[in-house]
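Worth knowing before you read on, the calculation uses all heavy atoms, side chains too, and leaves out hydrogens, waters and symmetry mates.
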Amino acid sequence: MSIASPHLGSSSGWTDARLLYALEEVVEKELNRHLKVTKDWMPHEYVPFSDARNFPGFFEDGEAWEKGQSKVTEVGRIALVVNLLTEDNLPSYHHEIATLFGREGAWGTWVHRWTAEEGRHGIVMRDYLLASRAVDPDKLEQFRMAHMSEGFESDNRHSMLHSIAYVAFQELATRISHRNTGHQSGDPVCDRMLARIATDENLHMVFYRNLLKAAFELAPDLTMQAVRDVVVNFRMPGHGIPGFERAAAQMAIGEVYNMRIHHDDVLQPVIRYLKVMEIDGLGPEGVKAQEELGLFLGGLDAEASKFDEKLAARKARMAARAAG
């Protein structure tokens with residue numbers, strides 16, 4: 001890929017407002033494509049309501065929650081709470097992107113449509129968790145209140161290009177996290193529900209990935225710098241959840257989401273699709289960002305290999321204990 005015009009490729013003339021205007025046609029095209037391929041679905045159809053029963057409180061027949069009531073594995077329960085609490089902050093996410101992208105035209109239509117689709121995810125996950133008694137409902141609500149009371153501020157709210165780059169990776173990360181949680185949950189009903197959510201997240205990733213591709217064609221140097229910054233400093237939006245670090249460590253060991261998954265299944269697919277490391281015609285700052293991105297990915301791959309070795313050794317020890 002090479003830039004079509006030195007003016008378009010230069011960094012000096014671009015502001016968020018100009019980029020919003022320049023990308024509007026691409027947003028409309030991608031929005032129309034998205035609406036053609038997406039399928040509406042009913043959250044209540046994925047919830048085992050026949051398993052539900054009353055909790056203590058106002059109901060005399062209420063039954064207190066106990067861990068043994070859950071069909072879900074330990075790592076599945078931890079990941080479900082993290083994933084749901086992440087979805088719960090949707091009001092803050094909507095505020096962030098509505099402020100950045102606006103509420104008018106194709107941008108505004110996408111913002112509202114995306115919010116409506118994401119809203120289904122929180123609905124179906126919470127209904128499933130409560131009906132199936134997969135998690136402690138009191139702790140879940142306490143965590144929700146604590147997490148939402150903190151609000152959410154994106155690390156990339158200062159720049160539209162950084163925000164587009166972030167969500168291109170983050171939507172894929174969310175898809176992978178949901179899908180792997182389903183696989184590790186031990187409950188086919190949970191797996192089916194999260195597969196449906198993951199399908200939505202994948203379509204959201206495609207929207208933003210294609211928008212990022214158009215940004216590279218318009219402002220390659222600035223977009224390369226944004227991708228470099230986002231990849232190097234990437235954090236999941238749920239990092240503010242109470243006990244997130246411990247939960248993330250358990251999810252890493254449980255192979256829901258870890259460095260190897262992040263490198264192989266999140267970063268590399270987007271970077272390969274956009275041919276980020278093959279883009280030419282860059283100015284000095286763009287070339288520097290591209291080189292630094294390559295170095296970081298190489299380092300992350302090496303760190304992921306060390307994690308793989310530790311995880312394999314851990315599995316071997318556990319297998320030996322079980323056999324003994």
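Under the 4.5 Å side-chain criterion, counting only non-hydrogen atoms from C-beta, Leu80 is in contact with Cys190. A 4.5 Å side-chain heavy-atom check between Asp200 and Trp41 finds at least one atom pair inside the cut-off. Contact annotation: the side chain of Glu87 never approaches that of Asn83 to less than 4.5 Å [non-hydrogen atoms, C-beta and beyond]. The side-chain heavy atoms of His183 and Val256, taken from C-beta on, include no pair separated by under 4.5 Å. Between His147 and Pro242, the closest side-chain pair of non-hydrogen atoms falls below 4.5 Å. Proximity of Asn89 to Pro237: side-chain heavy atoms (C-beta onward) are nowhere separated by under 4.5 Å. At least one side-chain heavy atom of His178 sits under 4.5 Å from a side-chain heavy atom of Met125. Taking 4.5 Å as the limit, every side-chain heavy atom of His44 sits out of range of all side-chain heavy atoms of Asp127.
Formation of a donor-acceptor pair under 3.5 Å by the Trp65 side chain with backbone atoms of Val135 is found in this model. Checking side-chain atoms of Thr181 against main-chain N and O of Gly76 turns up no donor-acceptor pair under 3.5 Å. Under a 3.5 Å cut-off, the side chain of Ser149 and the backbone N or O of Met145 do form a donor-acceptor pair. Between the side chain of Asn54 and the main chain of Phe59, no donor-acceptor pair closer than 3.5 Å is present. Remark: side-chain polar atoms of Ser163 are paired, donor with acceptor, to backbone N or O of Ser159 under 3.5 angstrom. Side-chain N or O atoms of Gln69 include one that pairs as donor or acceptor with a backbone N or O of Glu66 at under 3.5 Å. A distance-only check finds no donor-acceptor pair linking the side chain of Asn202 to the backbone of Ala198 [under 3.5 Å]. Asn258 places a side-chain N or O within donor-acceptor distance of the main-chain N or O of Ala252, the cut-off being under 3.5 Å. Between the Ser132 side chain and the Ala52 main chain, no donor and acceptor come within less than 3.5 Å of each other.
With rounding to the nearest 0.5 Å, the separation of CG in Leu161 from CG in Asp221 is 11.5 Å. Here CD of Glu150 is found 12.0 Å from CD1 of Ile241. Values are rounded to the nearest 0.5 Å. Rounded to the nearest 0.5 Å, atoms OG (Ser185) and CD (Glu74) are 13.0 Å apart.
For the residue pair Phe307 and Ile253, the shortest heavy atom distance occurs at CZ-N, 4.4 Å. Here the closest heavy-atom approach between residue Val111 and residue Gly102 is recorded as CG2-O, 3.9 Å.
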Side-chain donor/acceptor pairs under 3.5 Å, residues 311-318, sequence neighbours excluded:
| unit_1 | atom_1 | unit_2 | atom_2 | d |
| --- | --- | --- | --- | --- |
| Lys315 | NZ | Glu255 | OE1 | 3.4 |
| Lys315 | NZ | Glu255 | OE2 | 2.7 |

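Both tests pass for Arg209 against the ring of Tyr273: distance under 6.0 Å to the centre and angle within 45° of the axis. The cationic group of Arg133 lies under 6.0 Å from the six-membered ring centre of Phe55 and within 45° of the ring axis, placing it in a cation-pi geometry. Under a cutoff of 6.0 Å and an axis angle of 45°, Arg113 and Trp110 do not form a cation-pi pair.
Sequence neighbours left out, not one pair with a member in residues 89-105 passes salt bridge (charged side-chain N to carboxylate O under 4.0 Å, His left out).
At a threshold of 4.0 Å, the pair Arg144-Asp88 does not count as salt-bridged, since none of the basic side-chain nitrogens sits closer than that to a carboxylate oxygen. The pair Asp265-Arg260 does not meet the salt-bridge criterion, since no charged nitrogen lies less than 4.0 angstrom from a carboxylate oxygen. A salt bridge does not link Arg53 with Asp61: none of the charged nitrogens is closer than 4.0 Å to a carboxylate oxygen. With respect to Asp301 and Lys306, no salt bridge is recorded, no charged nitrogen being found less than 4.0 Å from a carboxylate O.
Results of the ring pair (Phe, Tyr, Trp, His ring centres under 6.0 Å) test with Phe234 over Phe296, Phe169, Tyr166 single out Tyr166 as the only residue that passes.
Around NE2 of His94, the count of heavy atoms belonging to other residues, nucleotides or ligands within 6.0 Å exceeds 12.
Residues passing the salt bridge (Lys or Arg N to Asp or Glu O under 4.0 Å) test with Arg33 are Glu30, sequence neighbours excluded. For Phe58, there are no side-chain contact (heavy atoms from CB on, under 4.5 Å) partners, not counting sequence neighbours. Residues passing the salt bridge (Lys or Arg N to Asp or Glu O under 4.0 Å) test with Lys29: none are found, sequence neighbours excluded. With sequence neighbours left out, the salt bridge (Lys or Arg N to Asp or Glu O under 4.0 Å) criterion links Glu24 to no other residue.
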Could you walk me through whether Asp136 and Lys67 pass salt bridge (Lys or Arg N to Asp or Glu O under 4.0 Å), step by step?
CA-CA 8 Å; Asp136 184 334; Lys67 187 179 290 189; over 6 Å; no

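Less than 6.0 angstrom separates the ring centroid of His262 from the ring centroid of Tyr257.
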